[in-house]
*Asks:* 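Structure in structure tokens, see below.
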Amino acid sequence: MILLKDILYKVTINAVAGNTGIGIGAIDFDSRKISNGDLFVAIRGNVTDGHHFIDIAIKNGAIGVVCEAMPENLIDGITYIEVGSSSKALAIMSSNYYGTPSENLKLVGVTGTNGKTTVASLLYQLFKKAGYKVGLLSTVKIMVDDTEYKATHTTPDSLTINRHLNEMNAVGVEFCFMEVSSHGIHQYRTEGLHFEGGIFTNLSHDHLDYHKTFAEYRDVKKMFFDQLSKNAFALVNVDDKNGLVMLQNTKARKLTYALKDYADYRAQILENQFGGLLLKINDSEVWSRLIGGFNAYNMLAIYATAELLGLEKVEILRLISELDNVSGRFQYLISKEKITAIVDYAHTPDALKNVLETVNSIRTKNEELITVVGCGGDRDKAKRPKMGHIASALSTKVIFTSDNPRSEIPEDILKDIEKGVEPQNYKKTLTIVDRKQAIKTACQLARPNDIILIAGKGHETYQEIKGERFDFDDYKLVQEFLKQIQK
């Protein structure tokens with residue numbers, strides 16, 4: 001058991017009512033999970049306000065409450081702590097509760113619009129191959145060395161982060177790679193963590209339903225680098241104009257990577273084909289199984305990070321050549337009919353453009369490029385016509401379909417996407433609301449040597465419609481449909 005006053009170390013407190021010398025069993029921000037002797041943290045969320053559940057938490061056994069506004073009626077024997085931000089306090093308290101586990105390993109955060117999952121996952125894979133015990137906190141999954149947990153958010157809540165970091169400490173993990181989302185930064189989920197370094201991949205149109213403006217989105221990303229210590233490194237992609245913005249106020253050691261501009265780490269694409277990439281990184285050539293210019297950036301970020309964390313250059317190059325693609329990130333198969341199907345998570349205009357340009361740079365132009373794409377419901381609507389424009393301009397055929405409609409009417413989402421199609425591209429497009437039928441139709445339209453791109457959901461194994469999640473796996477479906485048309 002840990003004393004409340006020790007959990008509150010480094011938390012900025014406005015007021016206290018009660019005794020902070022009490023022992024605390026556990027911390028939680030969900031009143032339903034509170035039991036005798038626990039501390040309840042009232043968080044103001046986008047949908048619900050935890051302050052409305054303080055009485056329920058106390059009935060369930062909470063002996064301490066952290067909140068942003070003291071309740072009108074204080075109950076004897078309960079300790080109340082008023083703070084400016086419950087989310088920020090929760091993150092610091094979570095770290096204290098678990099014994100500041102981020103300080104006992106080398107934690108590297110990866111942020112940016114695209115590439116976070118690939119960079120974090122492949123760094124995990126590379127360091128595992130190098131013989132280390134490694135952790136991963138990503139959109140796809142959470143790994144405590146060899147033990148896998150299901151991921152629910154790109155950046156988990158601060159309690160979950162510190163619980164897993166504590167588990168990593170227990171099994172001797174030396175390095176951990178973590179996706180850091182703009183939501184996670186803005187909601188203080190990474191507050192109180194000790195980072196060995198931070199990586200910035202790129203910035204493009206996304207999450208403007210949450211951040212409202214691109215400038216706000218950019219500045220939230222920048223907050224992550226502003227908070228790095230002088231002993232950390234900040235590695236940024238300077239081919240993206242926002243790369244240097246990330247470095248403006250950081251105390252960390254500043255390092256850059258690029259394919260076009262001058263940088264500390266540079267790469268050149270020598271070959272790009274469906275078999276992989278031949279890269280020249282600084283003065284050395286390396287073959288990667290991954291494909292496309294966007295993956296050249298990812299490989300360069302991985303190389304630079306591995307070197308900054310102490311691995312030998314020759315060893316890093318050898319390990320890069322052994323890395324396998326991440327689930328749902330340019331994951332492809334070739335059928336017996338020589339039809340290539342690619343499944344990719346590209347759900348932003350920039351990511352979709354990157355994937356389509358990569359395919360077009362490899363294909364001979366004698367084959368069709370059939371794209372299946374949609375946009376998620378209850379999310380940034382401004383990107384929908386942009387996605388429609390890019391898909392129809394860079395494909396020979398496009399099928400617009402549902403992604404995760406969530407609470408929206410799928411047909412309304414598709415109408416927004418169709419607004420971006422220019423008149424000369426109308427004939428290329430089809431609209432099929434049912435995603436399964438859309439994928440099946442793409443397979444039926446494809447001829448030998450054609451290419452099918454299924455974009456937007458990648459690794460996801462569900463489709464979310466009206467609050468329910470249904471089993472849905474793009475990769476398994478396209479595999480099944482291509483087998484059915486084999487002669």
*Asks:* Between the side chain of E408 and the main-chain N/O of D378, is any donor-acceptor distance below 3.5 Å?
*Replies:* yes

*Asks:* Check this for me, if you would: do K133 and E174 make a salt bridge, where the nitrogen-to-carboxylate-oxygen distance has to be below 4.0 angstrom?
*Replies:* no

*Asks:* Checking K251 against F225: charged group under 6.0 Å from the ring centre and within 45 degrees of the axis?
*Replies:* no

*Asks:* Could you tell me which non-hydrogen atom of L8 sits nearest to which non-hydrogen atom of M93, and how far apart they are?
*Replies:* CD2-SD, 3.7 Å

*Asks:* Under 4.0 Å between a Lys/Arg side-chain N and an Asp/Glu carboxylate O for R435 and D474?
*Replies:* yes

*Asks:* Taking all non-hydrogen atoms of both residues, which atom of V119 and which atom of I302 are closest, and how far apart?
*Replies:* O-CG1, 4.1 Å

*Asks:* Are there over 12 heavy-atom neighbours, none belonging to Y462, within less than 6.0 Å of that residue's OH?
*Replies:*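 Yes, because the 6.0 Å sphere around OH of Y462 holds more than 12 heavy atoms from other groups.
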
*Asks:* Taking D264's backbone N and O only, do any of them form a donor-acceptor pair with T256's side chain (distance below 3.5 Å, no angle check)?
*Replies:*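 Answer holds: yes.
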
*Asks:* Have E196 and N231 got a donor and an acceptor in their side chains that come within less than 3.5 Å?
*Replies:* no

*Asks:* Quick one: are the ring centres of F53 and H51 less than 6.0 Å apart?
*Replies:*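 Judged by ring-centre distance (under 6.0 Å), F53 and H51 do not meet the cut-off.
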
*Asks:* Mind checking whether F177 and F127 have ring centres under 6.0 Å apart?
*Replies:* yes

*Asks:* When you check the gap from the basic side-chain N to the acidic O, do K222 and D226 get nearer than 4.0 Å?
*Replies:*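 A salt bridge links K222 with D226.
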
*Asks:* Might you point out which heavy atoms bring N104 and G99 nearest each other, and give the distance in Å?
*Replies:* ND2-O, 4.0 Å

*Asks:* Got a salt bridge between K128 and D145, using NZ or NE/NH1/NH2 to carboxylate O under 4.0 Å?
*Replies:*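 Salt bridge between K128 and D145, a charged N being under 4.0 Å from a carboxylate O: yes.
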
*Asks:* Is there a donor-acceptor contact under 3.5 Å linking the side chains of N295 and N298?
*Replies:* yes

*Asks:* Which residues pass the side-chain hydrogen bond (donor to acceptor under 3.5 Å, both in side chains) test with E418, sequence neighbours left out?
*Replies:*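 E418 satisfies side-chain hydrogen bond (donor to acceptor under 3.5 Å, both in side chains) with T431 only.
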
*Asks:* Can a donor-acceptor pair be found, under 3.5 Å and without considering hydrogens, that links the side chain of D434 to the backbone of Q437?
*Replies:*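 Checked: pair present.
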
*Asks:* Would D380 and K383 pass as an ion pair if we require N to O under 4.0 Å?
*Replies:*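 K383 and D380: not salt-bridged.
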
*Asks:* Measure from the side-chain N and O atoms of R384 to the backbone N and O of G376, and report whether any donor-acceptor pair falls under 3.5 Å.
*Replies:*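 Yes, R384 side chain to G376 backbone: donor-acceptor pair under 3.5 Å.
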
*Asks:* I'd like to know whether K221 forms a side-chain hydrogen bond (donor to acceptor under 3.5 Å, both in side chains) with T111, so could you lay out the CA-CA distance, the side-chain angles of the two residues, the decisive distance to 0.1 Å, and finally the verdict.
*Replies:* CA-CA 7 Å; K221 294 282 190 190; T111 196; 3.1 Å; yes

*Asks:* Donor-acceptor pair, N169 side chain versus L105 backbone, under 3.5 Å?
*Replies:*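 No; zero donor-acceptor contacts below 3.5 Å.
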
*Asks:* Is K33 paired with D28 through a side-chain N to carboxylate O contact shorter than 4.0 Å?
*Replies:* no

*Asks:* Just by distance, with hydrogens left out, do Y217 and T113 show a side-chain donor and acceptor under 3.5 Å apart?
*Replies:*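 There is such a pair between these side chains.
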
*Asks:* As an exercise, state the distance from CG of N162 to OH of Y98, rounded to the nearest 0.5 Å.
*Replies:* 8.0 Å

*Asks:* Spell out, as yes or no, whether a donor-acceptor pair under 3.5 Å connects the side chain of T213 to the backbone of E216.
*Replies:* yes

*Asks:* Would you check if V238 and Y257 make a side-chain contact, meaning some heavy-atom pair closer than 4.5 Å?
*Replies:* no

*Asks:* Rounded to the nearest 0.5 Å, what's the gap from OG1 on T190 to CD on Q187? Could you check?
*Replies:*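 Going from the OG1 atom of T190 to the CD atom of Q187 covers 10.5 Å.
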
*Asks:* Considering residues, nucleotides and ligands other than E480, do more than 12 of their heavy atoms fall under 6.0 Å from its CD?
*Replies:*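 Counting other residues, nucleotides and ligands, CD of E480 exceeds 12 neighbours.
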
*Asks:* Can you confirm whether or not the ring centre of Y124 sits under 6.0 Å from the ring centre of F175?
*Replies:*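 Judged by ring-centre distance (under 6.0 Å), Y124 and F175 do not meet the cut-off.
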
